[in-house]
Q: 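There's a structure below that I have some questions on.
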Amino acid sequence: AQSVTQLGSHVSVSEGALVLLRCNYSSSVPPYLFWYVQYPNQGLQLLLKYTSAATLVKGINGFEAEFKKSETSFHLTKPSAHMSDAAEYFCAVSDRAGIIRKLIWGLGTSLAVNP
Amino acid sequence: NAGVTQTPKFRVLKTGQSMTLLCAQDMNHEYMYWYRQDPGMGLRLIHYSVGEGTTAKGEVPDGYNVSRLKKQNFLLGLESAAPSQTSVYFCASSYGASGGLTDTQYFGPGTRLTVL
């Protein structure tokens, strides 16, 4: 069965500091991986996705993620945090092995950015 | 384009009451989804649809029904609301290429439902 684990439910960084949000997956088939962001009182929107092309994926708002098969990881990074990055971030894997066409979601990481 | 819209934004029900949540998308997407979001539990798929006139159960379908009579609309019904259905409900849609597996899902702003 496929699964996603986000390490750290809350992460706090200073403005201008590196943002690193961790996501590890478990999958018996090559995974399709996603990062979504949810700003307060809004729906989710896609940051970036990995669909078996380049292992380093660039997304919106300066975020990027690297697919590392050997580490079963898909960590999200941004070189310099901005106050507007404060949000909830969700990692997800597409359930390629299941019957239901769904994304398997991590529990989310809340990012706080301190001035 | 409005994208994905949801009606209503907020609702308070009493136990046993019924209601329908409406989701509409103007992107001509084939696939539509209903999720619920609860603290500490992430997003859970309730029902989904891969095309007009089709629906399928997700992870947590009990207590909910859905209909997709028109391609652009996906309705979620609660026949007899229970306090356990207090949640934030999100609708999403996607193009439907590759069986939806690599799709970007586009989310609505959510409906905050409280059942007393």
Side-chain angles (χ1 to χ4, degrees), chain A residues 1-10 21 23 25 27-54 57 59-60 67 74 87-110, chain B residues 2-7 9-10 21 23-25 27 29-51 54-61 66 88-112:
Chain A
Q2 292 172 284
S3 65
V4 166
T5 301
Q6 291 185 240
L7 300 175
S9 58
H10 298 277
L21 303 182
C23 174
Y25 69 90
S27 179
S28 58
V29 297
Y32 298 140
L33 294 158
F34 304 76
W35 275 101
Y36 282 80
V37 61
Q38 183 180 28
Y39 297 105
N41 299 312
Q42 294 186 27
L44 285 73
Q45 65 182 88
L46 181 74
L47 274 176
L48 50 82
K49 62 181 174 180
Y50 168 76
T51 58
S52 72
V57 182
I60 62 170
F67 172 70
F74 191 55
E88 188 89 15
Y89 291 80
F90 293 91
C91 183
V93 62
S94 195
D95 188 10
R96 299 181 66 186
I99 298 173
I100 299 175
R101 299 185 184 280
K102 63 182 173 75
L103 290 176
I104 299 168
W105 296 87
L107 296 183
T109 297
S110 178
Chain B
V4 179
T5 58
Q6 292 183 233
T7 309
K9 289 184 169 55
F10 303 93
L21 282 67
C23 175
Q25 53 94 4
M27 296 173 281
H29 284 168
E30 290 293 334
Y31 287 23
M32 297 187 75
Y33 313 81
W34 275 109
Y35 292 95
R36 59 179 291 173
Q37 184 179 35
D38 303 289
M41 303 193 75
L43 277 83
R44 293 181 290 170
L45 183 65
I46 304 171
H47 286 280
Y48 67 101
S49 168
V50 299
T54 72
T55 63
K57 294 181 179 179
E59 302 169 87
V60 290
V66 288
V88 181
Y89 291 85
F90 288 100
C91 177
S93 71
S94 71
Y95 182 65
S98 304
L101 295 174
T102 59
D103 278 359
T104 295
Q105 292 188 17
Y106 294 83
F107 283 78
T111 295
R112 190 172 297 273

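What you see below is based on every heavy atom in this structure, not just the backbone, and it leaves out hydrogens, waters and symmetry mates.
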Q: With rounding to the nearest 0.5 Å, note down the distance linking CG in B/Leu45 to CG in A/Leu103.
A: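 Here the interatomic distance stands at 9.0 Å.
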
Q: Are A/Trp105 and B/Gln37 side-chain neighbours, meaning at least one heavy-atom pair lies under 4.5 Å?
A: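 A side-chain contact under 4.5 Å is absent here.
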
Q: Mind checking whether B/Leu43 and A/Leu44 have side chains closer than 4.5 Å, heavy atoms only?
A: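 Yes, at least one pair of side-chain atoms sits under 4.5 Å.
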
Q: Which of the residues A/Gln42, A/Lys49, A/Gln45 is involved in the greatest number of heavy-atom pairs with chain B at under 4.5 angstrom?
A: A/Lys49

Q: Quick check: closest heavy atoms across A/Phe34 and B/Asp103, and the distance to 0.1 Å?
A: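 Closest heavy-atom pair between A/Phe34 and B/Asp103: CE2-O, 3.3 Å.
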
Q: Is A/Glu88 in contact with chain B via its backbone, its side chain, both, or neither, using a 4.5 Å heavy-atom distance?
A: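 For A/Glu88, no heavy atom lies under 4.5 Å from chain B.
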
Q: Looking only at non-hydrogen atoms, find the nearest pair between B/Leu101 and A/Asp95 and report the distance.
A: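 Of all heavy-atom pairs spanning B/Leu101 and A/Asp95, the closest is CD2-O, 4.0 Å.
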
Q: Going by heavy atoms in the side chains, are B/Gln105 and A/Tyr36 under 4.5 Å from each other?
A: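 A side-chain contact exists here, since the closest heavy-atom pair is under 4.5 Å.
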
Q: Taking side chain as everything from C-beta outward and backbone as N, CA, C, O, which of these in B/Arg44 sits under 4.5 Å from a heavy atom of chain A? Side chain, backbone, both or neither.
A: neither

